[in-house]
Amino acid sequence: MNDWFKNTTAKLKTSWASWKPLQKAIAAGILVAVIVVLVLVFRGSSKPTTVPLLRSPVTDVDKQDQIKNSLEQKNIEYTFNENTGMFTVPDERTARKVRANLTVEGILSSEDNVWDTELNVRDWTTTDFERGERQLQRVNNQVEQMLEGLDIVRRATVIINQKTDGLFARDNRPAQAAVRLTFNGESPRPGDRRIKAIQDLILAAVPGLQEQYVKICDNQGVHLNNFGELAELDAVAALKKQQEFKMELEAKYGAKAENMLVSNFSADRVRSVAVTIEMDMSKVTSDKTEYTPFVRTPDNPDTPYSELETVDGVPLSSQEVIKKWTGTSYNPEGPAGVEGQNPAVYADMSNVIGESKEEGKTTNYVYNTEQKHIEKAPTIDRITASANIDGYWEKETEEDGTPIFVNKKNFETLKAKYEEKIKANPEKYEASNNPTNENVEENPYFRFKIGRIVRIYSPVQSNVREQAEEIVKNAIGFNKDRKDSVSITSFPIPRNDEWDKEDEAILKAAQTKKTIMLVLIGVVIILIAFIVFRMISRELERRRRLREEELLRQQQAAREKALWDAKQEGMEVSMSVEERKRAELQENAIAMAKEHPEDVAMLIRTWMMEE
């Protein structure tokens, strides 16, 4: 063996010496990779790939779904075996954290063996005392790790003392637990439900531990597991939820009734829709047995009459007894040989012949029976609904449709007129707060104010209100047996601001219209004045032009006469070149004036304006 080992070693050395550096590097890399793979294989095969979440299987389907939902919400990998009902997670740390969170969430309880996987460790080589001490220390450590695995706990310190039994009763000491928690963020308030879940975890971990011997504090020393006020808080929360449910139901019924009224009347007229519901929030459970008759002949739904025939009961068994007796009357005297001590009434009946007859009949009937288990949830005891529908406010107008405004001039006249109208129809126009009030200004059925339009109110007719009540009854599910009530009123709703704005808008429109009319009249007057001025100006211009033409004509006639006279007298008039040109122009102008008099007149007018 040694020779083979030496020869093999020598061959390897020779081969290694003959290899190139690249071959040596490849061989070394292969050797290192093989070693790493072997280490990983041995390490992976030496530890389990997953650990069980709980020692016992989960058979409740609802609890399985709750655990799955919680794990999926926290993005924790898990496997679930449908056949065995076992959950497994990747490692023990994850399992411990998941168990703690599931217990705090209320999904797991002490019955689910939460601690068996943590504390079920047995050691047969130690004494009972050592085993107890180790178990107690193990419990302390495991509880601390379990609590620190919670999302809300950053650090936990747990001290647990197990129960001790002494020789005398005074030496007995119950199991106790003191827990100090440091939270991530703000500490929960005393009596919080999460603290209750933590307390349940500790009770499940320590056998024989009772609630009154568990104390949980935060890092400031505040006692957290004081659940004395928790019941009161729960009662207050329950009452708050009941009130919220009642208010939600009232709002639902009210909205339904209001929508039905608005669909028939305008939204502006429907006011003060209110629904009040009286509810019995108590939960009652009762068992009831009902006896129903047998149906001999069922009813035919195709006929207008009923063929239903029933029998209360069917005879199951019967017994008939007939007794008849004839003989002397019975006289009890006691045992033989003893003197009788009979009363006088029995002694008088001695040896009297009597007859007795007894008849009896017993029949047992069987009936249809029905067993009912009734759970009475919160029910509605009574519903009251009320609403007001505003009538119509009509504006008083003149015969031409112009609204009538109240002013100081017509105040007394209008007041007397409407007072007569109130007296003629008092049922319609009586004031709601004072039926005897006949003052127009204070009557809610009239709008009578200086500077405003006169308005008269017409309430909704009684038959219309009755129909509206039927609509509301159908909307809320009216039940006469519950003494439900529905009230629909029609009284005037004050609209002073709305009316003031409307009256001001009408007044402003009238004033604007009046202003526009005045402006138009002024514009027309200005246009007429301009036209008249223009006509007068033209007439004056025409007359001036005629005077000028007449003057020119006279001057021209005078010149021609002078020339003609000079020519007749044979006078030689020596004329310059300019005068000759001027004469020619005058002759041409005269000829043109005869042919085109209008053009010449315009030319002369232009010359005169330039000069």
Side-chain angles (χ1 to χ4, degrees), residues 240-282 284 301 304 374 376-397 421-422 424-435 437 442-447 453-502:
K240 183 179 180 181
K241 290 182 178 179
Q242 292 175 1
Q243 294 296 328
E244 291 177 352
F245 173 74
K246 180 174 174 292
M247 294 174 62
E248 181 181 357
L249 197 61
E250 290 175 347
K252 179 180 178 182
Y253 278 89
K256 189 175 181 181
E258 184 175 1
N259 292 334
M260 296 190 71
L261 289 175
V262 169
S263 61
N264 294 278
F265 304 91
S266 63
D268 186 55
R269 294 177 58 196
V270 178
R271 301 290 184 89
S272 304
V273 179
V275 176
T276 304
I277 299 177
E278 298 177 5
M279 299 189 66
D280 183 8
M281 294 295 181
S282 60
V284 180
I374 302 174
K376 183 181 178 182
T379 56
I380 298 175
D381 290 341
R382 187 167 181 257
I383 300 178
T384 58
S386 63
N388 180 54
I389 303 176
D390 193 11
Y392 296 96
W393 285 94
E394 298 180 359
K395 294 190 290 289
E396 287 292 286
T397 58
K421 185 176 290 189
I422 292 175
N425 195 354
E427 296 180 356
K428 180 177 180 180
Y429 298 112
E430 66 180 3
S432 59
N433 55 353
N434 185 6
N437 186 8
E442 299 179 2
N443 195 302
Y445 293 89
F446 285 89
R447 167 75 167 174
I453 299 175
V454 179
R455 286 179 171 84
I456 300 178
Y457 178 78
S458 297
V460 180
Q461 299 177 358
S462 59
N463 59 342
V464 177
R465 292 201 303 269
E466 292 175 359
Q467 295 174 1
E469 286 183 6
E470 293 298 327
I471 292 175
V472 175
K473 287 180 180 179
N474 294 330
I476 65 174
F478 183 83
N479 188 349
K480 189 175 181 180
D481 296 336
R482 289 191 313 223
K483 298 181 180 180
D484 295 348
S485 65
V486 175
S487 175
I488 303 295
T489 59
S490 178
F491 56 85
I493 298 174
R495 302 172 184 267
N496 295 328
D497 295 338
E498 179 182 348
W499 290 331
D500 290 342
K501 292 180 180 179
E502 184 178 355

Participant: Atom CD1 in Ile383, atom OH in Tyr253: separation rounded to 0.5 Å?
Facilitator: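 Here the interatomic distance stands at 5.0 Å.
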
Participant: Could you pull out the closest heavy-atom pair between Val472 and Ala385, with the gap in Å?
Facilitator: CG1-CB, 4.0 Å

Participant: Under a 4.5 Å cut-off applied to non-hydrogen side-chain atoms, are Leu249 and Met279 in contact?
Facilitator: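 The answer is yes; the side chains approach within 4.5 Å.
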
Participant: About how many Å separate CD1 of Ile471 and CD1 of Ile476, when rounded to the nearest 0.5 Å?
Facilitator: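 Reported to 0.5 Å precision, the distance equals 12.5 Å.
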
Participant: I need the Lys483 NZ to Thr384 OG1 distance, nearest 0.5 Å.
Facilitator: 14.0 Å

Participant: Hey, could you give me the CD1/CD distance between Ile488 and Glu469, rounded to the nearest 0.5 Å?
Facilitator: 5.5 Å

Participant: Looking at Ala475 and Ala257, what are the two nearest heavy atoms and their distance?
Facilitator: CB-CA, 3.9 Å

Participant: How far does OG of Ser485 sit from NZ of Lys480, to the nearest 0.5 angstrom?
Facilitator: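 Here the rounded value is 13.0 Å.
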
Participant: Taking atom CD as the centre, does Glu244 end up with more than 12 heavy-atom neighbours from other residues, nucleotides or ligands that are less than 6.0 angstrom away?
Facilitator: yes

Participant: Roughly how far, to the nearest 0.5 Å, is the NZ atom of Lys256 from the CG atom of Asn474?
Facilitator: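 Answer for the CG-NZ pair, Asn474 versus Lys256, is 9.0 Å.
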
Participant: If every non-hydrogen atom of Asp481 is compared with every non-hydrogen atom of Asn479, which pair is closest and at what distance?
Facilitator: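 Looking at all heavy atoms of both residues, the shortest contact is N-OD1, 3.0 Å.
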
Participant: State, to 0.1 Å, how close Ala468 and Ile389 come at their nearest heavy-atom pair, and which atoms those are.
Facilitator: CB-CD1, 4.0 Å

Participant: For Glu250, enumerate each residue passing the side-chain hydrogen bond (donor to acceptor under 3.5 Å, both in side chains) test, keeping only those at least two apart in sequence or located in another chain.
Facilitator: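 Partners of Glu250 under the side-chain hydrogen bond (donor to acceptor under 3.5 Å, both in side chains) test: Lys246.
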
Participant: According to salt bridge (Lys or Arg N to Asp or Glu O under 4.0 Å), who are the partners of Arg482, at least two apart in sequence or on a separate chain?
Facilitator: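 So Arg482 forms a salt bridge (Lys or Arg N to Asp or Glu O under 4.0 Å) with Asp484.
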
